[in-house]
Amino acid sequence: MRHSDVLLKALWLVVWQAAVGRGQANMSTTLAPQADRVMALGEWEDRWQEDRIGFHQPQVHKMLEANIDKVVSGRTGVHFFFPLCGKAVDMKWLADMGHSVVGVEISEKGIKKFFEENNLTYSEEPVPAIPGAKVYKSSEKNISLYQCDLFNFTSSTEGQFGAIWDRGSLVAINPEDREKYAALIVSLMAKDCKYLLDTFLYNPELHEGPPFFVPAEQVHSLFGNSCDIELLQSADVLTDRQRDWGLDYFTENVHLITLKSS
């Protein structure tokens with residue numbers, strides 16, 4: 001290699017590293033207003049006990065409906081995972097199609113409400129591998145909901161999954177836990193897994209969260225090393241609820257994330 005080529009390559013590397021550094025600095029600045037925000041698990045349980053669950057949707061999520069074919073990808077009996085599942089009606093919708101569903105939720109009330117409101121009987125049993133955890137299993141559908149801390153759930157519990165619907169999990173966990181969360185999700189992905197991730201964009205200086213602000217740059221920072229990421233849909237979903245938070249825009253993005261082929 002000629003001396004001039006070596007110099008050009010070195011110069012390009014310096015410019016690239018500087019650009020990456022600026023990008024990381026800009027992202028850190030953008031995320032700063034919510035960086036130290038912490039919600040204890042007990043606060044989520046309190047929300048359920050007090051019925052402060054404005055995050056719950058009484059109908060199947062429109063973006064899941066719109067993109068279900070890309071998630072299922074022609075497969076039958078897909079093993080779906082719902083992190084922080086709440087009482088999402090999406091779970092029964094998928095089970096009715098013949099898929100199996102596993103969810104994790106900290107609130108016992110939220111889990112029991114799911115079965116009761118969908119007229120499903122269920123059994124309850126301890127989970128020896130996770131101290132203090134319980135699993136609630138539907139008698140009619142292939143649905144198992146674990147009551148435990150999400151970070152105590154591993155692939156040894158239910159294996160890996162062919163699909164994950166993250167309808168309010170990454171945007172709900174504490175910002176400081178996102179890297180740990182991403183590592184957990186990747187560990188739960190089977191080789192053919194389709195991970196559908198829902199995120200929100202707004203001015204984080206005007207609302208402390210949750211739901212937390214998660215820009216596309218951070219999605220790529222969290223998952224880009226091991227996964228391919230595709231933005232499937234973006235929509236303006238500002239309602240009076242967000243206006244009451246003081247926001248003047250609220251954008252919902254849905255990403256399809258798949259493991260890179262080795």
Side-chain angles (χ1 to χ4, degrees), residues 23-24 26-39 43-44 47-48 52-68 70-71 81-91 103-106 110 150 163-182 184-186 194-224 227 229-257:
Q24 291 174 336
N26 290 339
M27 187 170 70
S28 296
T29 300
T30 304
L31 296 172
Q34 295 179 342
D36 298 324
R37 174 81 164 108
V38 173
M39 276 193 69
E43 291 184 69
W44 286 109
R47 287 192 175 202
W48 279 99
R52 292 186 293 119
I53 52 171
F55 49 83
H56 172 71
Q57 295 191 13
Q59 66 284 324
V60 176
H61 198 292
K62 290 180 180 179
M63 288 192 172
L64 175 62
E65 282 188 303
N67 295 287
I68 188 61
K70 292 180 180 178
V71 177
F81 181 56
F82 277 65
L84 307 187
C85 62
K87 58 175 184 175
V89 297
D90 305 9
M91 294 189 287
V104 173
E105 170 58 48
I106 192 62
L150 177 63
I164 299 173
W165 173 215
D166 191 331
R167 36 158 289 293
S169 186
L170 178 59
V171 298
I173 64 162
N174 295 325
E176 65 182 12
D177 291 329
R178 286 178 188 165
E179 290 188 2
K180 180 169 68 169
Y181 177 85
L184 171 63
I185 292 296
V186 170
K194 308 290 186 180
Y195 171 32
L196 196 64
L197 171 64
D198 194 36
T199 60
F200 298 111
L201 303 179
Y202 60 85
N203 184 347
E205 294 183 354
L206 301 178
H207 178 59
E208 66 175 1
F212 295 111
F213 164 80
V214 181
E217 293 84 357
Q218 189 165 43
V219 173
H220 283 266
S221 174
L222 292 171
F223 297 102
C227 300
I229 302 165
E230 178 186 359
L231 178 63
L232 294 183
Q233 195 172 352
S234 184
D236 175 7
V237 292
L238 182 70
T239 67
D240 288 340
R241 182 166 180 251
Q242 287 82 41
R243 291 188 184 94
D244 288 343
W245 298 344
L247 301 181
D248 54 6
Y249 76 94
F250 194 68
T251 303
E252 185 171 16
N253 286 340
V254 165
H255 315 259
L256 185 65
I257 300 177

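The basis for the numbers below is simple: all heavy atoms, side chains too, and nothing from hydrogens, waters or symmetry mates. One-based numbering along the sequence shown.
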Enter the distance from [X]:[atom1] to [Y]:[atom2] here, rounded to the nearest 0.5 Å.
X: Ile257; Y: Leu196; atom1: CD1; atom2: CG; value: 9.0 Å
X: Phe200; Y: Glu252; atom1: CZ; atom2: CD; value: 4.5 Å
X: Ile185; Y: Ser169; atom1: CD1; atom2: OG; value: 6.0 Å
X: His255; Y: Glu230; atom1: NE2; atom2: CD; value: 11.0 Å
X: Leu31; Y: Asp36; atom1: CG; atom2: CG; value: 11.5 Å

Could you tell me whether Glu179 atom CD has more than 12 heavy atoms of other residues or ligands within 6.0 Å of it? no

Atom CD of residue position Glu176 - does it have more than 12 heavy atoms of other residues, nucleotides or ligands inside 6.0 Å? yes

Stepwise, does the side-chain hydrogen bond (donor to acceptor under 3.5 Å, both in side chains) test hold for Gln242 with Thr239? CA-CA 6 Å; Gln242 287 82 41; Thr239 67; 2.7 Å; yes

Would you say the side chain of Thr30 lies within less than 4.5 Å of the side chain of Gln218, judging by non-hydrogen atoms? no

Measure the shortest side-chain to side-chain distance between Asp166 and Asp198 over non-hydrogen atoms and say whether it is less than 4.5 angstrom. no

Counting the benzene-type ring for Trp, do Tyr195 and Phe223 have ring centres under 6.0 Å apart? yes

Checking side-chain polar atoms at under 3.5 Å, does Asn174 have a donor or acceptor matched by the opposite partner on Tyr181? no

How far apart are the closest heavy atoms of Pro175 and Ala35, and which atoms are they? CB-O, 4.1 Å

Could you pull out the closest heavy-atom pair between Arg37 and Phe212, with the gap in Å? CG-CE2, 3.3 Å

Could you please spell out the steps behind the side-chain contact (heavy atoms from CB on, under 4.5 Å) verdict for Val71 and Trp165? CA-CA 9 Å; Val71 177; Trp165 173 215; over 6 Å; no

Sequence neighbours excluded, the answer for side-chain hydrogen bond (donor to acceptor under 3.5 Å, both in side chains) partners of His207 is none

Contacts of Leu206 meeting side chain to side chain contact (heavy atoms under 4.5 Å, CB included) (sequence neighbours excluded), chain-then-number -> Asn203, Leu247

Checking Thr251 now: which residues fulfil side chain to side chain contact (heavy atoms under 4.5 Å, CB included) with it, not counting sequence neighbours? Leu201, Ser234, Tyr249, Asn253

Hey, does the side chain of [X] reach the backbone of [Y] with a donor-acceptor pair shorter than 3.5 angstrom?
X: Arg167; Y: Leu84; result: yes
X: His61; Y: Met63; result: yes
X: Asp240; Y: Asp244; result: no
X: Glu105; Y: Gly86; result: yes

Tell me whether the rings of Phe250 and Trp245 are parallel (<30°), tilted (30 to 60°) or perpendicular (>60°). perpendicular

